[in-house]
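Here's the structure we're looking at; comments come further down.
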Amino acid sequence: MKRSMQRILTTHTGSLPRPDDLLVLIKAREEGKLGDPSALYARARSATADIVRAQTAAGVDVVNDGEQGKSDYSTYIKDRFSGYAGGSSQRLPSREAKAFPDFAALRGGIGPSFVTRPICVGPIAWKDFAAVEREIDDLKAAKAACPAEDFFMTSVSPGQASRFLGNEYYPSHEAYIRALGAVLHDEYTAIARAGFVLQVDCPDLGSGWNSQFPDLNLGQFRKMVELHLEVLDEAT
């Protein structure tokens with residue numbers, strides 16, 4: 001990652017708004033109604049070029065693809081890995097929902113309403129690694145047209161993926177995230193080898209105590225964080 005002794009380099013968290021017409025295509029994919037995906041691939045590529053151009057025009061130094069082709073930063077792997085099926089995973093009530101039930105009822109869900117979060121019901125393996133390669137190629141093309149200080153790409157951490165994609169196949173949570181890490185390793189490696197900064201998104205290390213493991217005490221959750229970090233170290 002680039003450093004500067006002259007000025008503060010600016011960046012952002014990773015996800016940026018998708019164009020409305022791209023969202024229509026992403027929604028169709030989520031609902032199994034897309035058919036030929038070529039229009040989605042082409043629009044994601046042009047949206048990536050547009051968002052990189054917008055970032056550089058705004059003066060952002062470390063830019064990315066804005067996750068334009070992804071429906072969600074945590075669950076996009078469900079379309080790329082085997083082993084996932086069924087409806088959305090059921091989540092335990094969060095600590096805040098238990099403490100403030102009226103607010104929780106008003107707040108609703110997280111992310112776009114059309115995003116599905118299926119359950120792991122079989123062994124995890126790549127079925128669409130080409131999706132990773134497409135995103136890398138899209139950002140490479142955008143980079144060639146809009147030089148910036150640096151470029152990054154985001155990937156979900158094994159622990160964060162497990163927050164929203166439930167497990168009914170692996171015998172334990174540890175076995176599940178280790179399986180996720182073993183496969184995500186290939187995505188992490190591809191991004192780094194392409195010359196981009198790899199940003200691994202892992203809010204599970206903090207907010208997992210609220211919504212993923214609300215029944216653990218703080219000491220038990222710290223042990224869980226240690227496990228998640230160990231798996232992340234192995235995957236990277």
Side-chain angles (χ1 to χ4, degrees), residues 1-23 26 41-77 80 110-112 129-161 163 180-181 184-210 222 225-226 228-236:
M1 181 177 290
K2 301 291 177 65
R3 299 287 192 268
S4 174
M5 299 297 291
Q6 287 74 44
R7 57 188 292 271
I8 296 173
L9 299 182
T10 56
T11 187
H12 61 96
T13 58
S15 185
L16 295 171
R18 284 70 156 166
D20 289 344
D21 61 327
L22 176 56
L23 282 175
I26 291 174
Y41 299 159
R43 187 64 184 101
R45 185 178 181 89
S46 63
T48 298
D50 292 342
I51 206 67
V52 167
R53 191 178 304 111
Q55 290 171 78
T56 53
V60 177
D61 298 298
V62 184
V63 308
N64 82 326
D65 61 358
E67 301 179 351
Q68 294 298 287
K70 295 176 179 175
S71 57
D72 180 270
Y73 82 100
S74 294
T75 62
Y76 67 91
I77 60 170
R80 304 179 181 189
I110 300 173
F129 190 73
V132 178
E133 296 170 326
R134 275 194 305 273
E135 288 178 346
I136 289 173
D137 289 343
D138 290 349
L139 188 55
K140 282 183 175 179
K143 177 182 178 181
C146 291
E149 192 73 24
D150 214 346
F151 286 76
F152 72 100
M153 291 189 72
T154 61
S155 288
V156 68
S157 70
Q160 176 64 12
R163 282 184 69 192
L180 284 165
L184 280 166
H185 167 80
D186 297 335
E187 181 171 308
Y188 301 160
T189 301
I191 291 171
R193 285 180 176 170
F196 299 128
V197 173
L198 169 65
Q199 174 181 298
V200 183
D201 294 328
C202 41
D204 56 293
L205 301 180
S207 58
W209 192 41
N210 174 55
R222 285 173 174 160
V225 168
E226 291 176 4
H228 283 207
L229 286 172
E230 178 185 323
V231 173
L232 185 58
D233 284 345
E234 293 171 356
T236 54

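The structure presented is a predicted model; accordingly, all values stated were derived computationally and were not measured. We number each residue from 1, following the sequence as shown.
- Nearest heavy atoms, Gln68 versus Leu16: NE2-O, 3.4 Å.
- Taken to the nearest 0.5 Å, the OH atom of Tyr76 stands 3.5 Å off from the CD atom of Glu187.
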Test log, rule side-chain contact (heavy atoms from CB on, under 4.5 Å), inputs Asn64 and Met153: CA-CA 6 Å; Asn64 82 326; Met153 291 189 72; 5.8 Å; no
Residues His12, Phe152; criterion side-chain contact (heavy atoms from CB on, under 4.5 Å); working and verdict: CA-CA 10 Å; His12 61 96; Phe152 72 100; 4.1 Å; yes
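- To the nearest 0.5 angstrom, Thr13 atom OG1 is 7.0 Å from Gln199 atom CD.
- The CD atom of Glu234 lies 13.0 Å from the CG atom of Leu184; values are rounded to the nearest 0.5 Å.
- Taken to the nearest 0.5 Å, the CD1 atom of Ile191 stands 12.0 Å off from the OG1 atom of Thr236.
- Taking each heavy atom of Asp65 and Thr48 in turn, the nearest pair found is CB-CG2, 3.7 Å.
- Counting only distance, with no hydrogens or angles, the side chain of Gln55 and the backbone of Ile51 share a donor-acceptor pair below 3.5 Å.
- With Ser157 contributing its side chain and Asp201 its backbone, the two residues share a donor-acceptor pair below 3.5 Å.
- Asp186 has its side chain out of reach of Val132: every pair of non-hydrogen atoms, C-beta onward, lies at least 4.5 Å apart.
- Residues Phe151 and Lys143 approach most closely at CE1-CG, 3.3 Å, considering heavy atoms.
- With rounding to the nearest 0.5 Å, the separation of CD in Gln160 from OG1 in Thr75 is 9.5 Å.
- In terms of the salt bridge (charged side-chain N to carboxylate O under 4.0 Å, His left out) criterion, residue partners of Asp21 (sequence neighbours excluded) are, by chain and number, Arg43.
- Residues that satisfy the side chain to side chain contact (heavy atoms under 4.5 Å, CB included) test with Leu205, not counting sequence neighbours, are Cys202, Val225, His228, Leu229.
- Every side chain to side chain contact (heavy atoms under 4.5 Å, CB included) that Arg7 has, sequence neighbours left out, goes to Ser4, Leu9, Asp61.
- Under the side chain to side chain contact (heavy atoms under 4.5 Å, CB included) criterion, Asp233 pairs with no residue, sequence neighbours left out.
- Annotation: side chain of Lys140 is in contact with side chain of Ile136 (closest heavy-atom distance under 4.5 Å).
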Step-by-step side-chain contact (heavy atoms from CB on, under 4.5 Å) determination, Glu149 to Thr10: CA-CA 10 Å; Glu149 192 73 24; Thr10 56; over 6 Å; no
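- Annotation for Ser155 and Tyr188: closest pair CB-CE2, 3.4 Å, computed over non-hydrogen atoms.
- Listed here is the closest heavy atom pair of Thr11 and Val62: OG1-O, 2.8 Å.
- The OG1 atom of Thr154 sits 3.5 Å away from the CD atom of Glu67 when rounded to the nearest 0.5 Å.
- Residues passing the salt bridge (charged side-chain N to carboxylate O under 4.0 Å, His left out) test with Glu133: none are found, sequence neighbours excluded.
- What you find for Ala148 and Thr56 is that their closest heavy atoms are CB-CG2, 4.0 Å.
- Side chain of Arg18 to backbone of Ser71: no donor-acceptor contact under 3.5 angstrom is found.
- Among residues two or more places apart in sequence or in another chain, the side chain to side chain contact (heavy atoms under 4.5 Å, CB included) test is passed with Tyr41 by Pro37, Arg134.
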